[in-house]
Amino acid sequence: MKKEAKGSGQESPLFSGQRTADFTNCQLQFWGAAIVIALYWLLLCVLVMKNYRLDVIEQYVVGREWVFGSSKHPSLTALLLEVFFRITLQWEIAPYLLARLCILITLWAIWRLAREYLSDSLALIAVFAMFSYSFFQYGCTEYNNNITLNMAWACAVFFIFKALHTNKLRWWILSGFCLGIGLHFKYTLIILPLMVVLFLILDPQGRPFWKKKGPWITILVAVLLFLPHGIWIYQNGFITLKYASSRIPSPGSWTAHIVYPLCFIGSQLVLILPTILPLVPLCGWIGKPDFSKAGRTFESRFLIWIVLAPFALQILLSAIKGAQIPTALGSHLWLFLSVLLLHVLKTDHTEKRIQQSKRSALILCLVLASLSMMIAWTGPYFTHRASRYQFPGRALAEEAERCWHKNHQEKLPAIVGPWWPAGNIAVYGKDRPPVYANALPDSFLDGPLLLPQRPHPEKINQTGGIVVWFIPRDAANDYSPPRLLERFPKAVLQKPVPLLYQTSAELRPLWVGLAVVDPPDPLPKNNLELRDPDRKIE
């Protein structure tokens, strides 16, 4: 059955009630609220975030190199930031703006899928509830692979649903496009196609799809799009996969197989609680399942499976390996949780209850946003320690470029050191030099390189540049990393630099060491004539 246009008053194949006539009003409310909240977050970032957070610096460092990946992740997330940074004429709020644009696209996909299962008013509530989702709140201040993964995951789920519901070619192609591109954002997306394949095998109404060309077209498009990065992985010795496996700690005892899955469950409950609270006026504190809808149709089973099955898989893997799963690896799991709850639970969706849910969702969203940024701003006053977004990145970049330009007029050719301070110099400096660093943000050249396909840090001996390092608090101010002069024989140590954090809280200054590596003296322009004194100069 083909679905009728929204707002036409016709009954949807999934939604059992009558469509409201105010679809346009609901759509305006969705976009209006989403844009206002995005602008509010941008304002908070400008006022509070004095320095980029860790992942933003990493994306800048990787993106400007125009590579297929780093030793940690695929690079498409970073490349998007580099392109967007240039389009916006190197606007400093570019990473915050790009993060909010990705979130807007994610919310759009949630809104579109919600309207397939719910009335327009309830679909609006489902999206409003997600405004308070942790990764749409404080998580938006750190543009990273999770932000783009969420966007690809949400769009892929919506396109896959449309492909299964209509069996139209364009939806199968779009599904493959999202899956292929999404794998360039983060490999975690592979869980989604695996779960869809398993669903189509287990569900009786799903098996006939394998006799049609749609799923195979999706697989083909996804594979072709991911193939260039797959070749890069092979050529670089599967470095990203080795990094991912190294991040999984070995279980300490048999209790790890029980404790770590429970810890992950607990962390996810904390994440989703703010998205559940706005639904209480409609569903009550203890929701009652609506068995007349839940699981009765193929589409209903798809929604239940696509929300709960990936979560169950994560728990199963944690239990088998006895490994602790980072909380952030659940960011994509709950994007459609509010849609699922409003679909499977009985709701009292009177106008009064709907308005209560709207108000509570918007108020909670704004309160959480203000509270999280207030904590970020006042944290140093209570903890007496600064965070990365109070790091003096601009001051460090100015000092490094001043040291270089004392004796050199050309741009700073390279930065070597831990990629956190080195990346700050590259991002906030005017010269935007390439960074040679290892994959650990605060370690000096120990471990795998962040960009394995780029020259080794010792390359700076041929190009010249700046070496940077942190001076530990308990070390003397003339501290330098072990083997510094052995690795860079021409390094000229500079006077240690004290930097004040970007906060009015009374904190000890940060000490940073710098060394200038002069490039080799160029050959004279008339070097051939000097080698052959008998040669006549014409």
Minimum heavy-atom distance between I191 and P310, given as atom pair plus value: CG2-CB, 3.9 Å
Contact summary for L189 and C178, nearest pair of heavy atoms: CD2-O, 3.9 Å
Under 3.5 Å donor-acceptor, S318 side chain and Q314 backbone: no
Donor-acceptor under 3.5 Å (R64 side chain, A426 main chain): yes
Heavy-atom side-chain contact between Y381 and T503 under 4.5 Å: yes
Interatomic spacing from CZ in R100 to CD1 in I37 - rounded to 0.5 Å: 7.5 Å
Derivation and outcome, side chain to side chain contact (heavy atoms under 4.5 Å, CB included), residues I147 and N144: CA-CA 6 Å; I147 293 288; N144 57 20; 3.6 Å; yes
Backbone N/O of L225 and side chain of H184: donor-acceptor pair under 3.5 Å: yes
Side chains of T88 and I93 in contact at under 4.5 Å (non-hydrogen atoms): no
All pairs passing ring pair (Phe, Tyr, Trp, His ring centres under 6.0 Å) where residues 128-147 contributes a residue, at least two apart: F128-F131, Y133-F135, Y133-F136
Beyond-backbone contact of W153 with T188, side-chain heavy atoms, under 4.5 angstrom: no
Step-by-step side chain to side chain contact (heavy atoms under 4.5 Å, CB included) determination, L303 to V307: CA-CA 6 Å; L303 178 62; V307 174; 4.2 Å; yes
Separation between CG of N51 and CD of Q390, rounded to the nearest 0.5 Å: 9.5 Å
Any F470 side-chain heavy atom under 4.5 Å of W420 side chain: yes
Exercise: identify the closest heavy-atom pair between L335 and I110: O-CD1, 3.2 Å
Worked verdict on I181 versus F185 for side chain to side chain contact (heavy atoms under 4.5 Å, CB included): CA-CA 7 Å; I181 293 298; F185 291 140; 3.7 Å; yes
Y52 vs E92 side-chain heavy atoms within contact, under 4.5 Å: yes
Flag, side chain of K242 to backbone of G237, donor-acceptor distance under 3.5 Å: yes
Flag, side chain of Y389 to backbone of W377, donor-acceptor distance under 3.5 Å: no
Evaluation steps, side chain to side chain contact (heavy atoms under 4.5 Å, CB included), between L368 and S372: CA-CA 6 Å; L368 289 177; S372 61; 5.9 Å; no
Greater than 12 external heavy atoms within 6.0 Å of F177's CZ: no
Any side-chain heavy-atom pair of F84 and L97 under 4.5 Å: yes
Main-chain N/O of M195 paired to W305 side chain as donor or acceptor, under 3.5 Å: yes
Polar side-chain atom of S75 near backbone of V67 as donor-acceptor pair, under 3.5 Å: yes
R388/E142 ion pair, N-O < 4.0 Å: no
Closest heavy-atom pair and its distance - A386, P380: CA-CG, 4.5 Å
N236 side chain vs W232 backbone, donor-acceptor pair below 3.5 Å: yes
Reported CD1-to-NZ distance for the pair I239 and K72, which is rounded to 0.5 angstrom: 12.0 Å
Mutual orientation of the aromatic rings belonging to F158 and W171 [parallel < 30°, tilted 30-60°, perpendicular > 60°]: perpendicular
Gap between atom CG of L194 and atom CG of L313 - 0.5 Å precision: 8.0 Å
Identified ring-ring contact (aromatic ring centres under 6.0 Å, His included) partner of F85 from the options Y96, W91, Y60: Y60
Identify each donor-acceptor pair in which a side-chain atom of residues 261-280 lies under 3.5 Å from a protein atom, sequence neighbours left out, and give them as a table.
residue, atom, partner, partner atom, Å
S267, OG, F264, O, 2.7
Q268, OE1, W334, NE1, 2.9
Q268, NE2, T327, O, 3.3
T275, OG1, I272, O, 2.6

R353 side, atom CZ; S121 side, atom OG - distance, nearest 0.5 Å: 15.5 Å
Inter-residue atom distance F382.CZ - I375.CD1, 0.5 Å rounding: 10.0 Å
Backbone of A319 reached by a side-chain donor or acceptor of H257 within 3.5 Å: yes
Y187 ring center near H229 ring center (under 6.0 Å): yes
Residue pair V56 / T141, side-chain heavy-atom distance below 4.5 Å: no
Nearest heavy atoms of I190 and L183, plus distance in Å: N-CD2, 3.6 Å
Parallel, tilted or perpendicular: rings of Y501 and F391 (30°, 60°): perpendicular
Where G417 and A437 come nearest, the two heavy atoms and their spacing: O-CB, 3.0 Å
Check: M151 and T77 side chains under 4.5 Å, non-hydrogen atoms: no
F161 and F302 aromatic ring geometry - parallel, tilted or perpendicular at 30°/60° bounds: tilted
